[in-house]
Structure formats: C-alpha cells, structure tokens
Trainee: 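Quick one: the structure is below, and I'll ask about it shortly.
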There are 2 protein chains.
Amino acid sequence: MTTTEQQTGAAADEQAAAPARPLRADAERNRVRILAAAREVFARRGLEAGLDEIARHAGVGTGTVYRRFPDKTALVEALFDERLDQVVACVKDAVADPDPWAGLCAALESLVAMQIEDHGLKDVIFGEIGDLESFRSRRAEILPLVEQGVRRAIDAGVLRPDVELTDFAAVQVMLVQVAAFAEAADPQVWRRYLHLLLDGLCTRREAPTPLGGPALDLDAFEAACGRHLPAPTTQPSAPTGR
Amino acid sequence: MTTTEQQTGAAADEQAAAPARPLRADAERNRVRILAAAREVFARRGLEAGLDEIARHAGVGTGTVYRRFPDKTALVEALFDERLDQVVACVKDAVADPDPWAGLCAALESLVAMQIEDHGLKDVIFGEIGDLESFRSRRAEILPLVEQGVRRAIDAGVLRPDVELTDFAAVQVMLVQVAAFAEAADPQVWRRYLHLLLDGLCTRREAPTPLGGPALDLDAFEAACGRHLPAPTTQPSAPTGR
DNA sequence: CTTAAGCGGAAGGACTCTCTCCGGATGGAC
DNA sequence: GTCCATCCGGAGAGAGTCCTTCCGCTTAAG
C-alpha cells in the first residue's frame with residue numbers, strides 16, 4: 001500500500017484508458033473482459049462474490065485481476081462509478097416529470113428495479129463494502145433531487161404532507177428488501193408492494209389502485225423463507241454423532 | 001438427522017428436565033445459565049452469534065455447551081420451541097380481536113416487534129439456520145390464523161379485497177427488514193412505516209392517519225447505510241491508500 | 001530477436017466458526 | 001470422610017472462506 005507509483009499509474013490507465021502508457025493489446029483485452037465479468041457476477045451474486053469467481057468467469061487467472069486492479073475495492077469502484085452516474089441520471093429524469101406524483105413513482109420504481117437487476121449496486125448503496133468514497137458523493141447528488149421531488153409532490157397536494165425525505169428512502173429500502181426476499185420465487189412481485197406503498201403515500205383515495213401482477217402462492221412463499229441452504233458441499237453429514 | 005438416539009435422549013433431558021436421570025446440580029445450573037445466555041446473545045446478535053460467545057457470556061467453557069446440546073441447532077431448537085409458542089399465542093390473540101381491522105394491525109405489530117426485539121427469532125423465521133422442523137410446524141399453525149384474520153377483514157370491508165395471505169406476510173417482511181435497517185439509528189421508526197402500510201392496506205380513506213413518531217434525520221439515515229463496519233479489531237488502518 | 005510486460009493459478013496468510021478431546025475438579029451417595 | 005461417575009474448561013483440530021502474493025512461463029511489440 002505504501003508504494004504509490006504503480007497505483008497511481010494503474011488508476012490513470014483505468015480511467016483515461018490510454019494517455020500515460022497504453023496497455024499491451026492483450027492486457028487491454030483482458031481488462032475489458034474482467035470488467036464485463038465483474039459486472040455480470042456482481043449483478044447476479046452481489047459484492048460477496050469472490051474475485052476468484054470473477055477471474056474464472058472472465059477466463060483469466062486471479063493474478064491478472066490483481067495486476068489491473070490493486071484490490072477488490074478498486075475493481076468495485078471502477079465498475080460502479082459509471083453505474084452510479086446512471087442512477088443519478090435516472091432519478092433526475094424521474095423527478096423532472098411534469099406530473100409530481102408520476103415523477104415520484106418513477107423514481108421509486110427505477111431505484112428498486114436497478115438494485116434488483118444488479119445486486120452489486122444494491123450492496124454498494126447499502127454500504128456492504130465499507131463506505132466507498134465514490135458513492136458518498138453520489139448520495140449527495142441524489143438526495144437533494146429526491147428531496148425536491150418530495151417537496152413538489154407535497155406542494156401539489158398528492159403526497160401526504162407528513163412524509164419526509166428519509167421516509168421516501170425507507171420505502172425504497174422496504175421494496176428492495178422484499179424484492180430480494182421474493183426474488184427467486186417471483187422477480188416481479190415487489191411491484192405489488194410498490195402499488196401498496198404508493199396507496200399509503202398518497203393524500204387520499206376512494207378505492208385501492210390495482211396491485212398489478214398476482215401474489216406469491218403459499219409454496220413460493222415457503223420457498224422464499226427457506227432459501228438459505230443451497231450449499232451443495234459437505235454438510236456436517238451423518239457421522240457427526242459422538 | 002440420521003443419528004437419532006443421542007438427540008432423542010438429549011431432547012428428553014431438555015424438555016422433561018428430570019425424569020430420566022436428574023442432572024447433577026452444577027450441571028443443571030449451567031444448563032440454565034447457557035439457555036439464558038443464548039437467549040440474550042441470540043436476541044442481540046441473531047443466530048450468527050458463535051457458541052463461543054454464548055459460552056463466554058454464560059461463564060462456562062464451550063465444551064460444557066456441547067455436552068448439554070449436541071450441536072448448535074439443538075440449542076437453537078430448545079430455545080425457540082417455547083419462543084414460537086409465544087408467537088403463535090400472540091397472533092392468535094391478535095386475530096381474535098372483535099374488530100377485524102384492529103386484529104390485523106395488532107398481529108402485524110406484534111410479529112414485527114417480537115422479531116426486532118429478538119433477532120434470533122427473526123433468523124429462525126427467515127430460515128437462516130436451515131429449516132428447523134420445529135418451525136415448519138409453527139408456520140403451519142400461524143398461517144391459517146392470519147388467513148382467517150385477512151378473510152374476516154376483507155369480508156368486513158375494511159381490508160382491500162385484492163390482498164392475499166402472502167401479501168400480508170410480505171408486508172411483515174418489509175417491516176422487519178426496514179426495522180433492522182434503521183434499528184441502530186432509531187429502534188422505533190419502523191412504526192411510521194407500519195402506519196404507512198396500513199394506510200395502503202385499508203379499503204379507502206379520506207386523509208392519512210398520523211404516522212406516529214418522528215422520521216429519521218439525514219445523519220441517522222446515512223449511518224444506517226454505512227453500518228457494516230463496526231469491527232473493533234484490526235482495521236486496514238490508515239495506509240489503506242485510497 | 002530481445003525483452004519487458006503480461007499471464008495463470010497454486011499457495012500463503014488471516015480470518016471464522018463448529019465441534020472434540022482430555023487432564024483435572026467435584027457433587028453426592030454411602 | 002471417601003470415592004468415582006459426572007462434569008468442567010478451554011486449547012486446538014478441522015474445514016471453510018476469501019483476499020492477495022509470487023514466480024516460472026508466455027507473448028506482444030519495437
């Protein structure tokens with residue numbers, strides 16, 4: 001960690017991609033494959049995925065990953081820096097909707113959908129990797145946007161006035177979590193709860209708005225509860241007795 | 001699961017507590033202390049707590065824990081068998097309320113409150129330890145109760161009719177998760193979202209019902225996001241570079 | 001052709017957690 | 001008061017996990 005030279009050099013390569021010292025063709029090719037593999041593996045399994053898995057998936061050795069990115073955090077940062085730009089842009093679009101209510105709905109839906117399609121993104125947002133600086137700044141961009149969206153919707157009289165910014169964030173947390181919970185059983189069922197929450201968030205309503213798709217059936221729910229034992233390896237097995 | 005003898009024997013000791021062969025006085029004393037320690041540690045840290053920690057907290061050696069309970073699962077089962085009875089009773093009471101709506105609210109609130117006060121209970125319910133038989137049967141008791149409560153509330157016209165049993169369960173999941181998320185910042189703030197969800201669940205309403213306590217402030221929310229690095233041991237320390 | 005850059009992947013820690021083992025201590029029956 | 005079955009503590013074996021390094025071989029490119 002003390003030797004700074006290589007790190008600075010590597011970082012420059014990752015971002016500027018050429019100026020300092022253009023990577024050898026095969027190295028550049030591998031860099032791209034590693035990023036693609038990381039994007040895919042992190043999206044599917046979240047940040048808990050090991051670098052071995054990413055290397056295997058990219059068809060390179062683990063050493064190759066480490067020559068390009070000094071450590072796991074650097075890889076995550078390189079990947080999600082761009083990704084978070086998309087999140088910001090997406091939220092910006094949503095809250096800019098001329099209809100304040102539609103804007104809030106869209107922001108909520110996009111945020112949850114993005115995090116469910118990319119579990120790595122969820123983990124970054126939830127700080128599962130220990131406070132990435134790159135996200136701290138993005139959160140500072142997103143929150144005021146949402147704040148503005150919330151205020152606008154309250155002023156328009158469509159959003160209940162006792163809702164605060166952090167409530168909106170908490171609603172998003174609830175949706176992401178229930179979506180992750182039910183994901184294996186039905187990756188779309190969280191939209192029911194989006195509608196349910198929106199019905200709770202609006203100022204008043206005569207009748208429930210339709211929930212959208214079907215609910216989970218009982219078997220699917222049971223399965224969602226018991227999904228924590230896919231481990232195919234050696235269990236304590238039989239001869240554990242004493 | 002294959003070796004039945006010892007387990008059956010041990011189980012008998014734990015439950016009947018005397019008939020077969022009364023434990024020596026000190027052993028019995030330790031058994032009680034272990035259970036008390038486990039109750040406390042599991043409640044605070046969830047089932048991920050190690051048996052070493054429980055042993056230390058009980059003031060005994062780990063070997064002592066293992067002599068009394070053949071493995072971690074047995075200890076968990078011994079503890080939560082009784083605990084789950086309380087859950088069933090509590091839900092039974094709630095849905096028996098003469099007011100169907102009040103019954104549902106009470107059931108939801110109790111379920112969430114119990115799981116937040118006892119993270120081990122939450123983990124058992126969410127299957128974090130691999131399908132305890134003892135809970136499978138309890139779930140079979142609870143679900144029909146809730147089902148009946150839901151149906152009654154729909155028939156009474158207070159609960160929106162497109163809600164199904166698993167939706168109720170999912171709502172409970174959302175609340176437990178958001179409660180766990182915000183717990184360190186404010187252990188009560190989930191009640192705001194209980195009210196919010198209830199407003200979404202009811203058939204119609206003129207105005208929002210009050211949310212109860214205050215929302216999280218921004219700092220508290222930030223802290224809740226970044227709470228995954230309380231590790232007091234050797235951090236990467238300063239020279240982590242960037 | 002030469003050589004520095006790059007490559008794979010085995011191996012080196014550094015953890016974690018469950019569970020076992022055994023010499024020594026002790027409750028309680030007689 | 002004696003004696004031994006029972007129990008105790010806690011070190012450590014064993015089995016994982018994951019991040020990171022190292023080194024002999026390969027290869028792009030001037």
Side-chain angles (χ1 to χ4, degrees), chain A residues 1 3 6-7 9-10 13 20-34 37-38 41-42 45-76 128-130 231-242, chain B residues 3 6-7 10 13 20-34 38 41-42 45-76 128-130 231-237 240-241:
Chain A
M1 293 306 175
T3 55
Q6 317 90 319
Q7 295 199 359
D13 285 343
R21 174 180 46 71
L23 285 177
R24 227 169 69 174
D26 53 346
E28 172 60 21
R29 204 159 41 229
N30 278 336
R31 197 186 66 89
V32 171
R33 294 169 71 184
I34 289 166
V41 171
F42 282 147
R45 306 225 304 113
L47 296 188
E48 76 177 19
L51 289 198
D52 285 22
E53 186 175 347
I54 288 167
R56 208 179 321 122
H57 199 270
V60 305
T62 50
T64 304
V65 177
Y66 276 95
R67 193 165 317 90
R68 216 44 66 208
F69 304 95
D71 57 22
K72 187 176 182 178
T73 302
L75 174 56
V76 170
E128 300 284 357
I129 204 178
T233 50
T234 50
Q235 302 160 319
S237 77
T240 320
R242 32 92 195 278
Chain B
T3 55
Q6 315 90 316
Q7 296 201 357
D13 283 343
R21 175 180 46 73
L23 287 175
R24 226 169 69 174
D26 53 345
E28 172 62 20
R29 202 160 42 229
N30 279 336
R31 197 186 65 91
V32 171
R33 294 170 70 185
I34 289 166
V41 172
F42 282 147
R45 305 224 306 114
L47 296 187
E48 75 177 22
L51 290 198
D52 284 22
E53 185 174 348
I54 288 168
R56 207 179 323 122
H57 200 268
V60 305
T62 51
T64 306
V65 176
Y66 278 95
R67 192 166 316 93
R68 215 47 64 208
F69 305 95
D71 57 22
K72 186 177 182 177
T73 302
L75 173 57
V76 170
E128 300 284 355
I129 203 177
T233 50
T234 51
Q235 301 160 320
S237 77
T240 320

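Every chain is numbered from 1, with letters handed out A, B, ... down the list of sequences.
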Trainee: Please determine if a side-chain N or O atom of B:Arg68 lies less than 4.0 Å away from the OP1 or OP2 oxygen of D:dC8.
Mentor: yes
Trainee: Considering residues at least two apart in sequence or located in another chain, which fulfil the salt bridge (Lys or Arg N to Asp or Glu O under 4.0 Å) criterion with B:Arg45?
Mentor: B:Glu48, B:Glu53
Trainee: Establish, with yes or no, whether the OP1 or OP2 oxygen of D:dC8 is under 4.0 angstrom from a side-chain nitrogen or oxygen of B:Asn30.
Mentor: yes
Trainee: Reading nucleotides 24-30 of chain D 5' to 3', which nucleotides get B (base under 4.0 Å from a protein heavy atom), which S (sugar-phosphate only), which -?
Mentor: ---BSS-
Trainee: Among C:dC7, C:dA5, D:dC19, which nucleotide sits nearest the side chain of A:Thr64?
Mentor: C:dC7
Trainee: Considering only C:dT20, D:dC8, D:dG9, which nucleotide approaches the side chain of B:Tyr66 most closely?
Mentor: C:dT20
Trainee: Tell me, do B:Arg68 and B:Asn30 make a side-chain contact under 4.5 Å, heavy atoms counted?
Mentor: no
Trainee: For A:Asp52, give me all partners under salt bridge (Lys or Arg N to Asp or Glu O under 4.0 Å), at least two apart in sequence or on another chain.
Mentor: none
Trainee: Mind calculating the distance between NZ (A:Lys72) and P (D:dC19) to the nearest angstrom?
Mentor: 4 Å
Trainee: List in chain and number order the residues that pass salt bridge (Lys or Arg N to Asp or Glu O under 4.0 Å) with B:Arg29, two or more places apart in sequence or in another chain; answer none if no residue qualifies.
Mentor: none
Trainee: In this structure, how many angstroms lie between the C1' atom of D:dA5 and the CZ atom of B:Arg67, rounded?
Mentor: 13 Å
Trainee: Can you pull out every side-chain hydrogen bond (donor to acceptor under 3.5 Å, both in side chains) where at least one residue sits in residues 55-64 of chain A? Sequence neighbours excluded, please.
Mentor: A:Glu40-A:His57
Trainee: Residues in side chain to side chain donor-acceptor pair (under 3.5 Å) with B:Arg33, at least two apart?
Mentor: none
Trainee: Nearest whole Å is fine: how far is C:dT16 P from B:Glu53 CD?
Mentor: 12 Å
Trainee: What's touching nucleotides 10-13 of chain C from the protein side, N or O pairs under 3.5 Å?
Mentor:
unit_1 : atom_1 : unit_2  : atom_2 : d
C:dA10 : N6     : A:Thr62 : OG1    : 3.2

Trainee: Quick check for you: to the nearest 0.5 Å, what is the distance between A:Ile34 atom CD1 and A:Phe69 atom CZ?
Mentor: 6.0 Å
Trainee: For A:Arg31 and C:dC7, what is the distance between atoms CZ and C1' respectively, to the nearest whole Å?
Mentor: 17 Å
Trainee: Nearest whole angstrom, please: distance from the C1' of C:dT26 to the CD of B:Glu28.
Mentor: 17 Å
Trainee: Can any side-chain N or O of B:Lys72 pair as donor or acceptor with the backbone N or O of B:Leu47 at less than 3.5 Å?
Mentor: yes
Trainee: Can you tell me the distance, in whole Å, between the CZ atom of A:Arg33 and the C1' atom of C:dG6?
Mentor: 14 Å
Trainee: Which residues pass the side chain to side chain contact (heavy atoms under 4.5 Å, CB included) test with A:Ala38, not counting sequence neighbours?
Mentor: A:Phe42, A:Ile54, A:Leu75, A:Leu79
Trainee: Roughly how many Å is it from CZ in A:Phe69 to C1' in D:dC19, rounded to a whole number?
Mentor: 16 Å
Trainee: Would you mind reading off the distance between A:Glu48 atom CD and D:dC18 atom P, rounded to a whole angstrom?
Mentor: 8 Å
